[in-house]
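Since the structure comes first, as structure tokens, the remarks are kept for the end.
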Amino acid sequence: MNPFDDPSFDAWSRTALADHLRRHPVDATFIGVHDHDHRLPDVSPDGLIATLDSMKSHLSGGRDTAAGDRDGANGDRDSAGGDRDAVVGGSLVDLDRRLVRGFLASRIWEYQSGHVSANPSVHVGDAVFGLMGPLLTRFGSMDERLDSVAARLAEIPRFFAGARELLEPNAEGAPMWRPGDEGGPVHGSALPAAWIRRAIRECTAGVRFVEVGLERVDGDAGPLAWPASLRSDAADAFRSFRRFLERDVLPTGSDDVACGPEAFQMYLRGGHFLTRSADDIVAYARDEMVRTRNWLESAAPGYGAATPEEVMAGLADLHPTPDGYLTRYGDTWEAMRAVADERELITWPDFPIDYVERPGWAREAAPALYFLSYRSPSAVHRPGTHHYLLAPLDPSASSDDQRAFLRANNDSVIKLNHVVHHGGIGHHVQNWHAFRSRSLVGRIAAVDCASRIAMFCGGTMAEGWSCYATDLMAEAGGCTESEQFAAHAGRVRMCARAIVDVELHHGRMSLAEAAAFYEREAGMSPAAADGEAVKNSMFPGAALMYLVGTDMIHELRRDLLGALGDAFELRSFHDAFLSYGSVPVALVADEMRRRARAGLPLGAPEQVSV
């Protein structure tokens, strides 16, 4: 059953989220609600004002829900989440209401401030992935999917006309749109130049997909005969919007990307439900970075290397042959599942991964897009086997280029990133458990959409669990000693992300300084460092969830082991933890500790402390 039609979930939460999906149809496609597959969102000023009004109306209604929902009964005191200890002994209905209220509050800020609503990259992402979504989610027959693509192609000129009206700069270079009755420019000043440049690259990718990629998609009966003007009009709309960004918007672009301390606190408290301050988090991340780097440097000689970089370079030499590149992924997936089963780490679902090459229709456009190899399956109407889309090895490339490709996709990267973190015990297994959650938010929050996951509150669970899963597999003997070293090196990057997230959005680090920090401290290439910094700037609070989520899970496990002693079972702990779905780790940890103290089963019940 479509969860938005399921009366066992809270009616207010279902109504608010169903309205959100109606106004964000690309998100709906990826979640698996296909009623809106023929539409793109209305990002014109009038469309965004209507969306703002709708969110405010739902949020106001959410404060007047049942008496048992104590946060709602306290009116404005906690409309964005607030103190997570304020409600004790609530229900999963209360949990969903609270998470939806936090979601609406953050989205209202994003629309009123323009930090997301006036970001041209977000809009281009909706346009491109609006077209790709029906193909990626694999719902229905190919002809049905292509009907949805055709309907959205026809919408592209209208969509970009609205975006252009929204972003037209005034004399000061700021977008002219005013968010309803709030007054003031959308972003307070000119738009960040880095966001504009990213959107320009994505427009070029959109043209490539429309003109080249769609030629490589066949219908059920073979090649399609697209109406003559359908693709050309859409491609022209991408080009026209790109010219508008280049000529009218980019020249006035700014370097200001910070959301500010108040908004960042909103994300921490009303999204992740953390009680720690941003300054505490960044101090902890800096200490952990120093500690981890010291360990790497002291351990490197034990691996026959003078430096950590030499150890990592040695791992790059261990890679598949060109003929064995594709099969190495599936073989490693089976091996990791065997380790998990043998060591009784978790209930591994009957939900296989098929590692396949990225489809031909995506290859021209994907490098410039937020095109994920592992994109979360839809929460609703998902295929029985999930496709993991790998960058293809070009058989016509020179031997040197093939070797460089295989070194970059070496055995360690395949195991730690593509299997353990994403396609195996990490994201894929967590998603399967989430799709069975009794929380509506828990089912859908971590589904990957056009530019980010569906709901911010799913982040510490999705990324925290997947990073914890890497530690878990190393602990269980699934990784070689060198791969365990690489996992430790990955923790440096997690710490760096948390540091940049806080410092960038508090105005203590510029975008250029953030990129330089990633190069210097995390060993990223210049291109990767710049891309990571720009992404961090677009979505405040999203980069710290890796470190914070991971370490909260480790802390919870230690606490419950101490509390339960011999009664603690690792698989039972993991199954219980994941049963809550993609909701903040902080709330799950509070509830599981409460239940352990009370001698109750640890898994998600009808009654939870939220």
Side-chain angles (χ1 to χ4, degrees), residues 81-85 87 90 92 94-96 98-100 102-103 106 267-278 280-281 284-285 288 346 376 421 425-427 429-435 437-439 441-447 452-472 491 494-495 497-498 501-502 541-561 563 570 572-596 602-605 608-610:
D83 180 359
R84 71 171 190 259
D85 296 325
V87 180
L92 288 170
D94 301 329
L95 174 64
D96 275 342
R98 188 169 193 188
L99 295 175
V100 173
F103 172 71
S106 65
Y267 283 110
L268 290 186
R269 298 294 292 273
H272 294 323
F273 288 81
L274 300 175
T275 56
R276 300 170 68 181
S277 71
D280 285 343
I281 290 171
Y284 173 76
E288 283 297 295
I346 196 167
S376 167
H421 183 99
I425 196 171
H427 283 308
V429 168
Q430 188 264 320
N431 282 327
W432 182 86
H433 284 270
F435 296 155
S437 171
R438 296 180 183 179
S439 160
V441 173
R443 291 194 181 190
I444 69 170
V447 171
R452 54 178 170 169
I453 60 174
M455 298 177 71
F456 180 84
C457 63
T460 53
M461 174 62 75
E463 296 301 347
W465 169 262
S466 293
C467 295
Y468 167 83
T470 304
D471 298 341
L472 178 65
R491 183 169 176 84
M494 289 166 54
C495 294
R497 282 174 165 162
D501 200 353
V502 174
L544 61 80
M545 62 195 181
Y546 298 82
L547 179 66
V548 172
T550 303
D551 288 5
M552 283 195 295
I553 299 172
H554 279 295
E555 183 181 2
L556 172 65
R557 176 177 159 182
R558 289 192 297 269
D559 287 353
L560 293 186
L561 177 61
L570 196 57
S572 296
F573 164 69
H574 291 146
D575 287 353
F577 178 74
L578 296 185
S579 71
Y580 291 83
S582 297
V583 301
V585 171
L587 297 182
V588 177
D590 282 354
E591 173 64 11
M592 291 182 70
R593 289 188 179 99
R594 185 185 73 85
R595 296 184 67 77
L602 299 178
V608 299
S609 172
V610 296

Exercise for review: Verify whether the ring centers belonging to H272 and F456 lie closer than 6.0 Å.
Suggested key: yes

**Study point:** Pair Y468 + H574: ring centers closer than 6.0 Å
**Key:** yes

Measuring from atom [atom1] of [X] to atom [atom2] of [Y], what distance do you get when rounded to the nearest 0.5 angstrom?
X	Y	atom1	atom2	result
M592	L602	CE	CG	4.5 Å
H427	S466	NE2	OG	3.5 Å
L561	F573	CG	CZ	9.5 Å
T550	E463	OG1	CD	8.5 Å
L268	S277	CG	OG	8.5 Å
M461	N431	CE	CG	11.5 Å

Review point. Is any side-chain heavy atom of S579 less than 4.5 Å from a side-chain heavy atom of H433?
Key: no

Considering all heavy atoms, the nearest [X]-[Y] contact:
X	Y	value
A434	S582	CB-OG, 3.7 Å
R595	P605	NH1-CG, 3.2 Å
A285	C495	O-CB, 3.6 Å
D471	H554	OD2-NE2, 2.8 Å
D551	R491	OD2-NH2, 2.7 Å
P584	G271	CG-O, 3.5 Å

**Study point:** side chain to side chain contact (heavy atoms under 4.5 Å, CB included) evaluation trace for V447 with I453
**Key:** CA-CA 5 Å; V447 171; I453 60 174; over 6 Å; no

Check your understanding: Taking it one step at a time, do I281 and L274 satisfy side chain to side chain contact (heavy atoms under 4.5 Å, CB included)?
Key -> CA-CA 10 Å; I281 290 171; L274 300 175; 4.0 Å; yes

Review point. Residues two or more places apart in sequence or in another chain: which of them pass salt bridge (Lys or Arg N to Asp or Glu O under 4.0 Å) with R497?
Key: E532

Review point. Can we say R594 and E591 salt-bridge, meaning some charged N sits less than 4.0 Å from an Asp/Glu carboxylate O?
Key: yes

Exercise for review: Output, in order, the C-alpha distance, side-chain angles, deciding distance and verdict of side chain to side chain contact (heavy atoms under 4.5 Å, CB included) for F103 and L99.
Suggested key: CA-CA 6 Å; F103 172 71; L99 295 175; over 6 Å; no

Exercise for review: I would like to know whether V441 and L95 meet side chain to side chain contact (heavy atoms under 4.5 Å, CB included); could you show each step before the answer?
Suggested key: CA-CA 9 Å; V441 173; L95 174 64; over 6 Å; no

**Study point:** N/O donor-acceptor pair under 3.5 Å between W465 side chain and G549 backbone
**Key:** no

Practice item. Could you tell me which residues satisfy side-chain contact (heavy atoms from CB on, under 4.5 Å) with S437, sequence neighbours excluded, listed by chain and number? Key: S439, R443

Review point. Looking at L556, V548, T460, which hits side-chain contact (heavy atoms from CB on, under 4.5 Å) with V585?
Key: T460

